[in-house]
Structures are given as C-alpha cells and as structure tokens.
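Quick notes on the structure that follows.
Being a predicted model, the structure only gives us computed values, none of them experimental.
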Amino acid sequence: MATDLDIARAAKLLPIQEIASRAGIPAEALEPYGRYKAKIGLDFLRAQEGNRQGALVLVTGINPTAAGEGKTTTTVGLGDALNRIGTRAMIALREPSLGPCFGVKGGATGGGYAQVLPMEEINLHFTGDFHAITAANNLLAAMIDNHIYWGNELGIDARRISWRRAIDMNDRALRSVNAALGGVANGFPREDGFDITVASEVMAVFCLSKDLADLQERLGRIIVAQSRDGRSITARDLKADGAMAALLRDALSPNLVQTLEGSPALVHGGPFANIAHGCNSVMATRLALQLADVVVTEAGFGADLGAEKFLDIKCRSAGLAPSACVVVATVRALKLHGGVAKSALGTEDVAAVERGIANLARHVQNMQKFGLPVVVALNKFTSDTDAEVAAVRAAMAKLGTEAILCTHWADGATGAEELAHAVKRIIASGAAKFEPLYNDHLSLTGKIETVAREIYHAAGVSIPPPVAAKLKKFEEAGFGHVPVCIAKTQYSFSADPTLMGAPEGHVLPLREVRLSAGAGFVVAIAGDVMTMPGLPRRPAAESIGLDAEGRIEGLF
C-alpha cells in the first residue's frame, strides 16, 4: 500500500501562481518561496477589507486515540469535495511543529489522497514562520537578562521573571535550566526554562493579531516579570516590541499552498490546542473568508480543547461566527474509548462501539451548546463492519445529527462528497446561532468553572489558594474580562489521560495560571500537562533520513 509520502511524491503539483488565480489572488500579490508555496502580501490583504464574507465551517474531533481519527485529513477532504461539487472553497490550517514531527504525532498535512502539499516542506521549515516566532521570543528573553546586566533601571526582580525561552522541538532537558553561569561577564545566574515554540505567547499573539499594528501593540503588552516593588514589566517597558515586530513582519503574511486536487489552502500559524488556543491565524481565516464562499478550518485535538478555544477565544477576539461544525471520529477510535485493546480493533465489537459513542456524543452535544449545527464525519477503515457503523448512525440520529461515512483518505474528494452536500445543506438552512459559552463579565474563576462543568462534565475545580490569589490579582490589574485558555491533557475530558470515554464527576485540578496579556487570555494549567513535551522512547526521528538520491524518507 502506498504511504502518505509515496502519494505526495507522485502528485503533479501546479505552479503556485495557478493556485492563487483559482483563489482570486493576482500573481503580483504573491511572494513565492520556490515553485509551490508563497506568501500573500499584506497590501493585498488590506485591499480585501470590507469584501463579502463566506461561510465558516469548523472541523473538530473526539478525544484523540492511538487508533487515529484523521481530523486534518477530513478538513482537506471536505475542502476538496466542496470544490468538486461546484462550491468555491478554501482550506485554512495550522503549520506543523517540528516537535511532534520528530516525536509521536508525525506531520500535520493530512493523509492518503487528502493532503496539502508540498508535504515535506510544510512539515519541516516551510517559509520560516516558526523560526521567526522562536527568534522573537528569544530576543525578548535576551533583552530581559541584558537589562538586568546593565544596571536594571526598571528594578526587575530576577526571582519573578515569568518569560521563558523557546525552541520548536520536544526536549524535556530544557524544561528547567540554570542560566547565566560562568562568572560576572555572563550576567546574574538565575533559574530559567524553555517552552516549545507553539506554546509561546508570541505564537498566540501572532495567530490572534489582525494586522501589523495590532501585532506590535499585542507584543508590547506581554508581561515578562515583576519589579521589586510589585509592578508588571512588559516587553514595551524593555523597548523590545518594535524589534520583535520587525522579526515577525514577513512571517505575518499568510502562506498559500495546494491540496492534492488543486484546492487553495492557507497554512499559517500553529499553536497547540492542549497548551495554547490551537487555531490557525486570524489573518489567514479572514482572508479565506473574503475570497471563498465556504472556508473549512480545523481546531486542534478534541473538541473539548481546540474547538472550545476556537469558539471562546478566536471567534470572540476576531468577531467570527461559524455556520457549521464537523466532528470527526472513527469506529476504531470509538472502540478504544469503549475499552477495547489496540490489538483487538480489527474484530467486530458493536457493544464496545456503543460504549465509546459516549465520547463522540458528548462532543456533539458540547458543540450544540454553542448554537452550532453538527454533522459527524466517520472516517472509514477496512475493518469497520456495517453493524458498527449502524450503531454510530443510530446514536447520532437521537442527537439530531447525521453520521456520514467518509473515504477521502483512499478516494480523495469523491470520498467526502456526501459530507460536502450535508455541510452545504446546513449552511443554506441558516440554523447556526453561534454564542460563546460564557460572557466577558463573568469572573476568571467563573469562566474556568463554566468550561469545566459544561464541556468536561467535571463536578468542580480544585484551585489552590496561591492560584486563586493570582486570579484575583489578574482581575485587579484589569484583566478580568479576558477569556480563559485551559491547558490539560488531550486524551480525556478530565485531566487524567487514562480516563477515556465520557467520565463524569471528576475534579479539574488547577496547578498554575499565567496571564497572557498580549494574546488576551489567561492560561489555566491543569494536571500534569507540560508546556515543553519530551520525545517518546522511540521517536519518529529514528525513522527519518535521506535516501541515495537525497530525498527525505520516513516523514509521515
């Protein structure tokens, strides 16, 4: 059987100028990065302001499992299918992070015959956006230590520096480090640490900014430390915001690529959804809406993380209102949620599917709480049986939604045509009545408790006194109106990755809260989730290399 890489290599790509023309983008608006990818100039984006906007479709999924669900693959397949049936559609995705590429997850460009290309380039360095974000993050870190070295005019308390360095790699050894060792010439020794780039506030700022001016304004608001008398020190106080914006200027232009079937795709920005807000850039989404009749975008991980943050953070900030939601699942993944071992997934087990449906059902009902009509995309595997598929369809019918069997991995756009027609019917019905889960005026604690109760079905939230005191301090500083970004495991509705299915009555244990003043939200870290992941026992990097002709092997 052909691998994703085999399929990608066999594809005959079109010049990026032709893809741009299909999207209504003139060649002079492009800044090509080779033959098959380009950035779109900011002047062109400004010229589109005020254009009629298309319909926005959110693709999300159940809690991810080792069996795989195919959320990005479905996003690509649906976009291709919409174009195939005569709808002017574009796809808006996040850029992959190198950490997961070389770790467990692999690449993030779809799979089979529903991919965005050029796959290897997108999954590795692409147009350098993540390098620019990493550099901007670390410039700010360098300027903090430099300011202290040269007299510390702002009175920064070195014990209360909250800004961490970043690298786009899974590296547990960098979670906590001692910096500035080696004597007086190297500065004042202190404890420091690294986050993965996709968890950096710079990444969140980058993705939520509306334009260059908004970018620099948000960068300036980033709080990096406290002074000895308790004042918040910002990037603007350090005069770092201008240089950071300069590093990010070119990166802020959205990236244009193509699918296997020639659909235009904007791939831009890439925050994780378990430790950040998990959506592609506002600028790319807005541009796609101004150019297409339907825009298909995804939110990271399960709907309890990525979709909730897409709706409560990104849509709130950018003024977006989705017209439909697609929840992706597979029979195999539902069996895992139903308690079946991975080694037994090929055997029919309708009872296990019915148990696992509880996970899917909760995600569907959660999306309905936001006023969104939902359709379920059931990615087909050869081991799926008619009885198992029928069980899913019957359960979804009781929730007033449809479960559609999709074969886009094997068949490309034709395998998602039924899904595309269903999405078009939902859009035409005007049934969406989108509302965020909570309003701005609710307290920060109230917002956390609302998400825990309504989305996770938690019985309560455990907030240690020091964390509660921090939340109160954020509110006193004028940040009580911002949304919350809960960081927890992606594998469960709870903070315990082993609690699969649809657990009830658990308690969400908050460990830490961080104010992301530039991004405009408060991060609430629950359980053992890390902002710097580690590599697994056998990282994907072990299988990646070059063949005799210098071509990349093992990337998936």
Say you draw a straight line from [atom1] of [X] to [atom2] of [Y]; how long is it, rounded to the nearest 0.5 Å?
{"X": "Phe493", "Y": "Leu305", "atom1": "CZ", "atom2": "CG", "result": "9.5 Å"}
{"X": "Ile19", "Y": "Ser263", "atom1": "CD1", "atom2": "OG", "result": "8.0 Å"}
{"X": "Tyr113", "Y": "Glu261", "atom1": "OH", "atom2": "CD", "result": "11.0 Å"}
{"X": "Arg88", "Y": "Leu291", "atom1": "CZ", "atom2": "CG", "result": "7.0 Å"}
{"X": "Asp4", "Y": "Arg9", "atom1": "CG", "atom2": "CZ", "result": "12.0 Å"}
{"X": "Met283", "Y": "Leu215", "atom1": "CE", "atom2": "CG", "result": "8.5 Å"}

Yes or no on salt bridge (charged side-chain N to carboxylate O under 4.0 Å, His left out) for Arg316 and Asp440, after CA distance, side-chain angles and deciding distance?
CA-CA 10 Å; Arg316 188 191 305 262; Asp440 293 342; 2.7 Å; yes
Given Glu308, which of Ile455, Val484, Asn366, Ile313 fulfils the side-chain contact (heavy atoms from CB on, under 4.5 Å) condition?
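Exactly one pass, corresponding to Ile455.
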Out of Val328, Leu405, Ile404, which one pairs with Leu378 under the side-chain contact (heavy atoms from CB on, under 4.5 Å) rule?
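Of all the options given, the one that passes is Leu405.
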Determine whether [X] and [Y] make a side-chain contact, defined as any pair of heavy atoms from C-beta on separated by less than 4.5 Å.
{"X": "Leu311", "Y": "Leu437", "result": "no"}
{"X": "Cys325", "Y": "Thr60", "result": "yes"}
{"X": "Gln48", "Y": "Leu287", "result": "yes"}
{"X": "Lys314", "Y": "Asn280", "result": "yes"}
{"X": "Val389", "Y": "Val392", "result": "no"}
{"X": "Val327", "Y": "Leu360", "result": "yes"}
{"X": "Ile91", "Y": "Thr259", "result": "yes"}
{"X": "Met203", "Y": "Phe130", "result": "yes"}

Can you find a side-chain donor-acceptor pair between [X] and [Y] that sits under 3.5 Å?
{"X": "Ser492", "Y": "Asp496", "value": "no"}
{"X": "Gln490", "Y": "Asn274", "value": "yes"}
{"X": "Lys380", "Y": "Thr330", "value": "no"}
{"X": "Asn255", "Y": "Glu95", "value": "yes"}
{"X": "Asn63", "Y": "His363", "value": "yes"}

Between [X] and [Y], does any side-chain N to carboxylate O distance fall below 4.0 Å?
{"X": "Asp304", "Y": "Arg362", "answer": "no"}
{"X": "Asp384", "Y": "Arg332", "answer": "no"}
{"X": "Arg425", "Y": "Glu402", "answer": "yes"}
{"X": "Lys424", "Y": "Asp293", "answer": "no"}

Considering residues at least two apart in sequence or located in another chain, which fulfil the salt bridge (Lys or Arg N to Asp or Glu O under 4.0 Å) criterion with Asp214?
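Salt bridge (Lys or Arg N to Asp or Glu O under 4.0 Å) check on Asp214 returns Arg218.
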Could you tell me whether the side chain of [X] and the main chain of [Y] form a donor-acceptor pair under 3.5 Å?
{"X": "Ser209", "Y": "Asp211", "value": "no"}
{"X": "Lys335", "Y": "Gly356", "value": "no"}
{"X": "Thr3", "Y": "Asp6", "value": "yes"}
{"X": "Glu388", "Y": "Thr385", "value": "yes"}
{"X": "Lys210", "Y": "Val282", "value": "no"}
{"X": "Arg393", "Y": "Ala403", "value": "yes"}
{"X": "Arg22", "Y": "Gly262", "value": "yes"}
{"X": "Ser21", "Y": "Glu18", "value": "no"}
{"X": "Ser97", "Y": "Gly99", "value": "yes"}
{"X": "Arg286", "Y": "Glu49", "value": "no"}

Pair listing, salt bridge (Lys or Arg N to Asp or Glu O under 4.0 Å) test, anchored in residues 67-86, at least two apart:
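Listed once each, the pairs are Lys71-Glu298, Arg84-Glu417.
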Audit row: Val364, Val376, side chain to side chain contact (heavy atoms under 4.5 Å, CB included) steps and yes/no:
CA-CA 8 Å; Val364 169; Val376 171; 3.8 Å; yes
Indicate the atoms forming the closest heavy-atom contact of [X] with [Y], along with that distance.
{"X": "Leu14", "Y": "Tyr36", "value": "O-CD2, 3.4 Å"}
{"X": "Lys309", "Y": "Ile486", "value": "NZ-O, 2.7 Å"}
{"X": "Leu508", "Y": "Ala526", "value": "CD1-CB, 3.7 Å"}
{"X": "Ala519", "Y": "Val205", "value": "N-CG2, 3.5 Å"}
{"X": "Leu98", "Y": "Asn123", "value": "CD2-O, 3.6 Å"}
{"X": "His268", "Y": "Ala284", "value": "CB-CB, 3.9 Å"}

Checking side chain to side chain contact (heavy atoms under 4.5 Å, CB included) for the pair Leu320/Leu289: CA distance, chi angles, key distance, verdict?
CA-CA 10 Å; Leu320 301 173; Leu289 287 168; 3.8 Å; yes
Would Ile122 and Glu120 count as a side chain to side chain contact (heavy atoms under 4.5 Å, CB included) here? Give the steps.
CA-CA 6 Å; Ile122 295 170; Glu120 294 131 297; over 6 Å; no
May I ask you to check if Lys433 and Phe370 form a cation-pi contact, with NZ or CZ under 6.0 angstrom from the six-membered ring centre and within 45° of the axis?
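Judged by the rule (NZ or CZ under 6.0 Å from the ring centre, within 45° of its axis), Lys433 is not positioned above Phe370.
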Which residue is it: Thr73, Thr414, Thr75, Asn379? I am looking for the one with a side chain to side chain donor-acceptor pair (under 3.5 Å) to His408.
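Single side chain to side chain donor-acceptor pair (under 3.5 Å) partner of His408 among Thr73, Thr414, Thr75, Asn379: Asn379.
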Check the pair Val257, Leu117 against side chain to side chain contact (heavy atoms under 4.5 Å, CB included), reporting the backbone distance first and the verdict last.
CA-CA 6 Å; Val257 290; Leu117 304 173; over 6 Å; no
Does atom [atom1] of [X] have more than 12 heavy-atom neighbours from other groups under 6.0 Å away?
{"X": "Phe381", "atom1": "CZ", "value": "yes"}
{"X": "Lys342", "atom1": "NZ", "value": "no"}
{"X": "Arg35", "atom1": "CZ", "value": "no"}

Check the pair His481, Phe521 against ring pair (Phe, Tyr, Trp, His ring centres under 6.0 Å), reporting the backbone distance first and the verdict last.
CA-CA 9 Å; His481 66 285; Phe521 54 69; over 10 Å; no
